[in-house]
Amino acid sequence: LALRTHAFWLLSASMLLAYFTINVVYIHLVPFATDTEVGASPRTAAFLLSFLGASSLVGRIACGAVADRTGPRAILAICLGVGGGAMLGLMAVSQLWGLYGFAIVFGFASGAMFNLYPGITGELFGMASLGTIMGATRIGLALGSAASGPVAGWIFDVSGSYDWAFLVAGLA
């Protein structure tokens, strides 16, 4: 029955676009940091990715606690907006400190998203078939994740810049 609802398809589309964006970052942040004017060493760029992961953990815990009190929908909307805005801001980054700022903001927002989608799924469809419905909506997540690397890489190859790839990901 869930497949017949607009809510299911909107939730799936939201996951596809969100995880497209998240995985563009996880796949292309190190090359961006090392191959552009930022000029980070491979070690520093790898640490940056670890730093982003740590920020993600903080976002999961903090926003999960807030969502338990307020509900997950508004928190998810805020995190989607913050994550998209951070992607657009990434296009202006030319120094290492800017990448660390991005890692804090984007990591926090993307980590929060990970925990908020199950709560929203439960609110929308109840708990009786939660596992099945989450599995079905995760098809969007998988498609977005799978497309992210090749699409952003192709955009970079065609344009010679990460700007267009980050713009697409930020708008997504």
Side-chain angles (χ1 to χ4, degrees), residues 14-68 72 75-121 134-135 137-157 159-172:
S14 171
M15 293 176 95
L16 183 148
L17 296 172
Y19 282 88
F20 174 87
T21 301
I22 290 168
N23 284 291
V24 164
V25 171
Y26 278 101
I27 293 167
H28 291 281
L29 186 63
V30 169
F32 174 74
T34 57
D35 296 346
T36 62
E37 64 268 8
V38 175
S41 70
R43 177 181 288 193
T44 299
F47 178 76
L48 179 67
L49 200 56
S50 297
F51 191 75
L52 189 142
S55 181
S56 172
L57 290 174
V58 174
R60 290 174 195 221
I61 295 167
C63 289
V66 172
D68 285 343
I75 305 299
L76 179 63
I78 291 166
C79 289
L80 289 168
V82 167
M87 285 303 301
L88 298 176
L90 186 56
M91 295 185 304
V93 170
S94 62
Q95 296 186 11
L96 188 57
W97 65 266
L99 286 179
Y100 281 104
F102 169 80
I104 291 169
V105 172
F106 187 84
F108 187 93
S110 66
M113 288 180 227
F114 186 81
N115 281 1
L116 298 171
Y117 278 110
I120 291 172
T121 305
M134 283 182 56
T137 60
R138 295 275 192 278
I139 293 170
L141 182 154
L143 292 172
S145 297
S148 62
V151 169
W154 177 80
I155 292 170
F156 175 80
D157 289 345
S159 69
S161 169
Y162 281 104
D163 286 351
W164 286 103
F166 293 161
L167 177 63
V168 168
L171 295 175

- Task: With sequence neighbours excluded, tell me which residues meet side-chain contact (heavy atoms from CB on, under 4.5 Å) with Val66.
- Result: Thr70, Ile75
So, for [X] and [Y], which heavy atoms are closest and what is the spacing to 0.1 Å?
X     : Y      : answer
Cys79 : Met113 : O-CE, 3.5 Å
Val30 : Ala45  : CG2-O, 3.6 Å
Ser14 : Leu80  : OG-CD1, 4.0 Å
Tyr26 : Gly53  : OH-CA, 4.1 Å

Just how far is it from atom [atom1] of [X] to atom [atom2] of [Y], taken to the nearest 0.5 Å?
X      : Y      : atom1 : atom2 : value
Leu29  : Leu52  : CG    : CG    : 6.5 Å
Leu116 : Thr121 : CG    : OG1   : 10.5 Å
Ile22  : Ile27  : CD1   : CD1   : 11.5 Å

Acceptor/donor pairs from residues 139-157 side chains to any protein atom, 3.5 angstrom cut, sequence neighbours excluded:
unit_1	atom_1	unit_2	atom_2	d
Ser145	OG	Asn23	ND2	2.8
Ser145	OG	Leu141	O	2.9
Ser148	OG	Ser145	O	2.7

- Task: Sort and list the pairs that fulfil side-chain hydrogen bond (donor to acceptor under 3.5 Å, both in side chains) and have at least one residue in residues 56-68, not counting sequence neighbours.
- Result: Ser56-Arg60
- Quick one: list whatever passes ring-ring contact (aromatic ring centres under 6.0 Å, His included) with Phe51, sequence neighbours left out. Tyr100
Qualifying residues under side-chain hydrogen bond (donor to acceptor under 3.5 Å, both in side chains), relative to [X], sequence neighbours excluded:
X      : result
Thr34  : none
Ser159 : none
Ser55  : none

N/O donor-acceptor pairs under 3.5 Å from side chains in residues 162-172, not counting sequence neighbours:
none

- Query: If we only count heavy atoms from C-beta on, is the Phe32 to Phe102 side-chain gap below 4.5 Å?
  - Reply: no
- Any side-chain heavy atom of Tyr117 sitting closer than 4.5 Å to one from Thr137? no
Less than 3.5 Å apart, which donor and acceptor atoms pair up between the side chains of residues 82-99 and the rest of the protein, not counting sequence neighbours?
unit_1	atom_1	unit_2	atom_2	d
Gln95	OE1	Trp97	NE1	2.7

